[in-house]
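Data block below; observations after.
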Amino acid sequence: MVDFIKRDKNDLYGKPILGFLFKNQKFLMILKLVVLALFFYAIYYGYAHTGKDNNFTWAVFWGIFWSLFMVVTLPTLGRVFCGICPHGFMGKYITKFGLKKKMPKWLQNPYIGLFLIVIGWWGIYYMFPGIYRTPLGTAILFTVMTLLSFVVYFIYRDMAYCKYICPIGTLTRAYAKLSFTWLGTYKSACDECKTFDCAVACQHNLKPFTFDGRNSMTDCTLCMDCSAACEAVSFKVKKPSFSLFSKFQILKAEVWTFILILASIPITMAFHHGIGRSTVAGDMIWAKTAEYFKTFVDFGSINPVGLFAFLYAMLFTVSAALIGMYIASLILKTPFKKVFYSLGYSYAPLFILGSIAHSLETFFVRGYERIVEGFAQAFGLSVDIASLASRGDSWLHMFGILKWVAIIWALIILYKRMKLLDADKMRKIIAYPFAASLIIFFLSVNMYRSHILDTYGRASGGHGSHGGGAMFQSVSKDKATLLQADDSCVGCGMNLPKFYKTNHAAHLDKQTRQYCSIHCLSEEKSIKKIPLNDLKVVDVTSLKFIDATSAFYVVGSKKKATMSEVSKYAFALKEEAVKFSQRYGGKVLSFEEAYKIALNDFNKKGISKIVKPEDSIYFVRNKPALDSKKNHRGGHMMGSRDRTQIPTRKVWLVSDEINDPKCVQNVEGHFFATDVQNKPLDVKIQKRECTGISFELRDVGYYKLYYVDEKSKNINIAKYEYKRYDHSSDEEYNKEKMSAKTIKEVPFDILRLRPDDETFYSRLQSGDRVKFKVVKNRKPVEGAKVSLETQFGWQKNIYSDKDGIAEFQLIRDYNPPWDKFDKRFRENFLVTATYNDDNKSYKISFMESFRPSRDDYQSYSYGLIITLVLLVLFSGAIFLYRYRVQKPFKEVKFDE
Amino acid sequence: MNKIKNFINHADLRKFRFWLQLFFFVFFIYGGYLAIDLGRELPIFACGYNHEIAGTCYFMPLQHQLARPWETLFSVASIGVLTSFFVFLLWFIVFNKAWCGYACPMGTLQDWITSLRKFFGITYSTYTQPQYESLKKIKYIFLIIVIVFPLLLGLGILDGEWRGAFCDMCPGRIITPMFVGDFSQWSIDFSTKTAIFLSSFGIVFTALFFVGSFIKKRFFCFFCPMSAMHYIFSDVALLRLKKDGDKCTKCGDCYNVCDMQIKDIADDVKSTNILRDDCILCLKCVAACPEDDALHLDLVNYPIFKSTKGGFAKRMEIDRWEKKDD
């Protein structure tokens with residue numbers, strides 16, 4: 001035993017604060033006592049408050065300790081979780097007064113704990129979802145475990161419960177191998193030691209002075225008792241998972257822990273909760289098997305889909321590991337067991353890092369709020385806090401990188417452990433991918449899961465809170481109250497549960513009419529003048545109908561609206577409304593005020609019109625809005641585009657002024673679209689208040705869309721042209737393919753000719769000359785009037801020459817104040833060609849845009865002047881510096 | 001076999017390097033005219049702003065890829081980022097930092113500016129050791145700009161003007177297109193405050209590049225984030241610069257010829273792998289070493305270029321000096 005030792009730099013015991021946290025016995029005692037007190041209080045609280053409103057029991061057990069604290073500390077600090085575990089803490093005292101028997105051989109089996117967690121916990125969890133996590137279930141579970149542990153501690157010595165029975169004992173031991181901490185000893189001091197105080201102090205009957213030599217901390221729980229007994233014990237920071245890079249005595253149960261935990265948590269979750277929430281969940285093998293067995297087995301309250309997802313995950317995972325390792329062992333010409341148990345340690349990072357990601361995400365989205373509220377509840381405090389993040393916040397995706405880290409880390413461990421085997425180098429290289437089979441399987445399951453969710457989408461309903469794509473308004477059918485026979489809105493026919501949180505209802509005579517939103521309600525009541533009374537609205541908090549006139553509306557929050565640009569959500573209690581508005585923005589208003597705002601939707605100063613033959617018609621990208629000055633980026637119901645989907649483009653058929661387009665009401669002509677090969681393309685036409693046309697952009701190149709109205713002798717045509725290009729495309733710029741072409745369905749066309757130097761990146765700029773070619777029945781037309789009008793009102797008319805060509809130079813008329821200047825500003829211009837012959841008149845219009853020229857905002861002269869000045873300045877400075885430093889040699893004379 | 005070895009070890013490295021550098025300069029800057037395209041993952045400053053480049057500096061796609069919205073970046077789409085990265089790594093591990101000393105157009109240009117200075121007979125400058133120690137950290141700051149700024153952009157903290165922030169600050173963007181007659185990068189972008197800052201930074205850095213590399217050999221390489229990026233992965237590279245400390249006499253010849261002022265090359269007799277983060281693997285040190293086998297360039301443990309007494313004597317033209325003395 002030594003009283004003083006000079007500690008290494010990387011020894012945490014030697015650090016000012018960390019040393020206190022990990023070594024100070026008084027502090028550790030207080031910490032363990034606090035944890036113990038929390039533990040028992042939470043169990044008591046679970047019995048006392050069995051209702052759903054008990055957040056405290058959840059917070060202590062499932063919010064903090066299990067999952068969050070455990071998975072975050074295990075691969076970083078190691079088994080500090082065990083160090084403060086109440087069972088172990090109490091166990092030490094119990095065991096002192098206990099019978100101190102030696103545990104029988106058949107109980108000395110770490111598989112007992114592993115079996116308990118995999119089957120007893122996860123198996124049950126999938127079969128009876130939600131059974132454990134109720135406050136009462138939690139309390140009972142932990143009471144049973146505590147009593148069991150006390151009995152085992154009392155009868156047997158050496159903390160046998162931790163080693164063999166504790167469901168997470170082997171698990172923590174196994175995953176702690178990834179940590180960057182290491183409890184060891186200073187060899188110089190230990191060599192002379194004759195008292196072995198560290199081993200004496202260890203209740204677990206371990207020998208800390210052998211840890212370094214064995215390259216394994218075995219069952220050490222980091223309780224830090226040994227460090228109090230002798231100063232030669234160190235707690236060092238090392239390279240993460242360094243012990244796995246060299247040999248140590250393997251424990252087979254650890255490898256099985258990695259495999260079975262991987263199967264029962266991430267893989268089953270990916271099956272059951274990931275893919276299980278997609279629209280194709282029913283086609284998966286576990287769902288089909290469950291369906292099959294349902295026909296002749298009565299499962300009672302068991303969830304058969306969960307059960308089979310779990311079983312299949314087990315089957316797939318275990319076979320992926322076994323088969324891959326078996327092939328690897330054949331290639332390596334080494335016994336299977338040796339290969340399997342030695343290389344199996346490479347599976348360690350797979351589960352735990354992904355689990356950190358999930359735990360942290362849950363913590364930021366829901367956990368933090370619930371934990372604080374739970375503690376406030378238990379200790380009678382009053383706090384009001386918001387979540388640290390809401391689901392879908394982009395920074396939460398950062399944690400997704402941990403999965404990749406896990407895979408790379410696993411591959412590195414596999415490489416290092418492969419080095420330890422005695423085999424031919426070539427054989428090792430060939431065997432490597434087979435030995436990595438489980439890692440590859442894990443990667444594939446993850447990718448398959450994202451693929452399924454991206455391609456087929458999430459099923460609506462059910463898990464509203466879990467679905468990233470689900471709307472805030474939606475609730476599942478069983479939660480929605482229907483006051484009428486069917487589930488569609490009286491006003492617009494939309495599904496009521498889908499927009500349930502904005503539902504309204506009213507009485508007409510004695511019949512109840514239910515509306516998707518205040519929009520439809522106000523339309524019927526104030527616009528159609530239907531005598532409705534007894535207005536009701538859904539309270540967002542309780543999801544029950546309340547009297548609308550006394551409700552508090554949050555108007556204009558970030559949560560999306562139903563049938564309107566401005567969202568309105570109602571609350572029964574003012575506090576709830578204020579809380580909501582603090583979190584998502586918006587104002588708390590009364591029903592009358594909200595109703596007035598809802599009516600604004602109908603004060604349209606005509607966003608549509610009936611087109612006369614002399615009006616020009618064209619397509620625009622943005623749907624004409626009520627307030628034409630406001631530029632809406634995307635509709636109020638549109639999500640962001642997914643990368644795996646085929647991009648589509650939606651345009652609107654409009655007429656009238658370039659700055660104030662109106663939707664065309666009398667859409668009587670035909671639509672023609674062409675793809676990049678100038679071949680016909682299917683379009684989706686949506687005729688509502690405004691006609692929207694959407695088409696898919698599969699390839700790179702120019703797409704065209706025409707609307708041809710040939711009803712009268714006045715032929716009126718609208719045209720739209722769009723160039724699709726994305727950087728990931730490897731396509732070469734093919735002039736022939738990209739050139740402007742017309743189609744035979746269109747009698748009269750105007751083509752924007754591509755300049756010779758055009759590439760995929762070319763964009764029109766102010767100052768550019770643009771050439772248009774007017775064709776009728778695919779032949780150039782002379783004397784057609786071509787007019788070009790920009791968004792800011794500049795206009796010019798030209799008659800086409802004998803080749804049908806009219807050439808314009810784009811003017812620079814975008815002159816905002818400098819601080820408002822946007823170099824990516826797209827100034828729209830409308831080109832219209834008209835021509836009369838054979839008693840027929842032809843007209844075609846299309847809109848294009850151009851950007852400011854580079855010369856508008858870039859200055860060469862400044863650039864060159866600055867360079868020249870700097871060149872002179874720097875050179876001068878250096879010259880001066882050298883001149884001063886290097887003094888010429890001078891003869892020094894001393895006057896004697 | 002021994003003959004070939006002997007020939008290589010006695011070779012005139014200066015000439016070899018000059019012609020190889022010239023070849024790579026022409027190859028990369030004008031390769032586009034011959035429709036050569038090596039992709040966008042090259043570990044050198046072959047700037048993509050030059051439209052005729054035969055392959056693009058990896059930082060340009062890297063910044064674009066990392067600037068994706070986080071929900072896209074940290075999803076399956078990150079496979080694209082990873083494949084680009086692996087292509088970069090494949091390019092890099094073959095030649096290690098010899099990319100800097102032999103292939104990088106910006107490096108070659110600096111060497112030519114150095115020749116110009118020699119022609120005028122102006123002496124060069126060096127940093128003092130403390131200056132050197134603090135200046136060499138700057139390249140890691142630039143590397144952080146390359147990697148973190150696009151990530152912040154993807155998160156929505158920075159606006160779109162910061163996309164490719166390092167490219168805007170990099171002299172390569174301004175200088176490289178000049179060689180194909182494109183002077184459009186010599187400008188200040190007045191459209192936003194950020195653009196003014198970044199484009200002015202680029203201009204100032206370019207002026208510094210010219211003046212700096214005139215009086216200090218390989219001035220820019222001290223600040224090059226690509227050099228920092230190289231160093232992170234240099235341990236897995238196939239080409240390695242090794243030193244046998246037992247044979248070193250600490251004569252300091254290697255340090256004196258080193259363009260990058262790496263002191264370890266002479267002082268460190270313990271490490272076998274002598275490649276440091278500033279090293280450009282120009283091999284001047286190996287050529288200047290008078291001891292047999294003290295420094296050698298290995299291709300996966302197989303020495304391909306060694307320092308030899310004979311080679312040293314030949315390169316230094318010692319026989320001529322000895323004759324003079326006679």
Side-chain angles (χ1 to χ4, degrees), chain A residues 357 392-404 408 446-447 449-451 454 468 640-644 727-728 730 759 761 818-819 821-825 852 854-879 881-882 885-886, chain B residues 35 37 39-40 51 60-61 64-65 68-82 84 122-125 151-152 154-157 160-161 171 174-175 183-193 195-196 199-212 214-216:
Chain A
D393 276 5
S394 65
W395 64 271
L396 288 173
H397 294 279
M398 173 177 68
F399 298 125
I401 208 166
L402 282 172
K403 240 173 223 166
W404 294 103
I408 291 165
N446 273 309
M447 288 173 69
R449 175 183 166 278
S450 330
H451 166 75
D454 286 349
S640 60
R641 177 172 80 82
D642 204 292
R643 276 189 165 251
T644 50
H727 289 265
S728 53
D730 294 328
T759 66
Y761 302 101
W818 177 74
D819 56 331
F821 183 86
D822 176 11
K823 64 179 162 189
R824 292 181 182 85
F825 180 77
R854 282 187 153 210
D855 299 334
D856 289 359
Y857 55 87
Q858 285 192 348
S859 160
Y860 298 115
S861 49
Y862 273 89
L864 290 174
I865 287 168
I866 291 175
T867 321
L868 280 176
V869 169
L870 287 177
L871 281 178
V872 172
L873 217 68
F874 290 148
S875 317
I878 288 164
F879 179 77
Y881 174 76
R882 287 191 169 186
V885 172
Q886 296 171 352
Chain B
D37 186 6
R40 309 194 302 162
H51 295 298
M60 197 158 151
H64 276 266
Q65 284 166 342
R68 287 173 184 167
W70 280 27
E71 54 261 50
T72 341
L73 183 64
F74 296 111
S75 70
V76 187
S78 47
I79 291 235
V81 183
L82 286 179
S84 285
I122 299 167
T123 49
Y124 63 88
S125 299
L151 286 175
L152 294 179
L155 190 56
I157 292 174
E161 283 299 326
I174 297 169
I175 296 167
F183 288 85
S184 65
Q185 299 299 331
W186 284 88
S187 59
I188 304 267
D189 185 340
F190 282 97
S191 58
T192 59
K193 283 170 196 153
I196 294 179
S199 56
S200 316
F201 193 104
I203 290 282
V204 173
F205 210 4
T206 309
L208 264 175
F209 176 89
F210 282 116
V211 180
F214 190 76
I215 57 149
K216 171 85 189 71

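Each chain gets a letter, A, B and so on, in the order its sequence line appears, and its residues count up from 1.
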Item to complete: Return the option, out of B/Gly212, B/Ala207, B/Gly154, with the maximum number of heavy-atom pairs under 4.5 Å with chain A.
Response: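 Ranked by heavy-atom pairs under 4.5 Å with chain A, first place is B/Ala207.
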Exceeds 12 heavy-atom contacts within 6.0 angstrom, atom [atom1] of [X]:
X: A/Tyr862; atom1: OH; value: no
X: A/Tyr881; atom1: OH; value: no
X: B/Phe201; atom1: CZ; value: yes

Chain A heavy atoms under 4.5 Å from [X]: which part of the residue, side chain, backbone, both or neither?
X: B/Ser184; result: both
X: B/Leu208; result: both
X: B/Phe183; result: backbone
X: B/Ser125; result: both

Worksheet item: In Å and rounded to the nearest 0.5 Å, what is the CD1 to CD1 distance from A/Ile878 to B/Ile122?
Response: 10.5 Å
Worksheet item: Roughly how far, to the nearest 0.5 Å, is CG of A/Leu864 from CD1 of B/Ile203?
Response: 7.0 Å
Discussion item. Between B/Ile196 and A/Tyr857, is there a side-chain heavy-atom distance shorter than 4.5 Å?
Written reply: no
Item to complete: Report the residues that fulfil salt bridge (charged side-chain N to carboxylate O under 4.0 Å, His left out) with A/Lys823, sequence neighbours left out, ordered by chain and then residue number.
Response: B/Glu161, B/Asp189
Under 3.5 Å, side-chain donor or acceptor atoms of residues 866-874 of chain A against the rest of the protein: list the pairs with distances, not counting sequence neighbours.
unit_1: A/Thr867; atom_1: OG1; unit_2: A/Gly863; atom_2: O; d: 2.5

Worksheet item: Side chain of A/Arg882, backbone of B/Thr123: donor and acceptor closer than 3.5 Å?
Response: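 Pair found, side chain donor or acceptor close to backbone of B/Thr123.
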Response to the item:
Shortest non-hydrogen pair, A/Trp818 vs B/Ser191, comes out as NE1-O, 4.2 Å
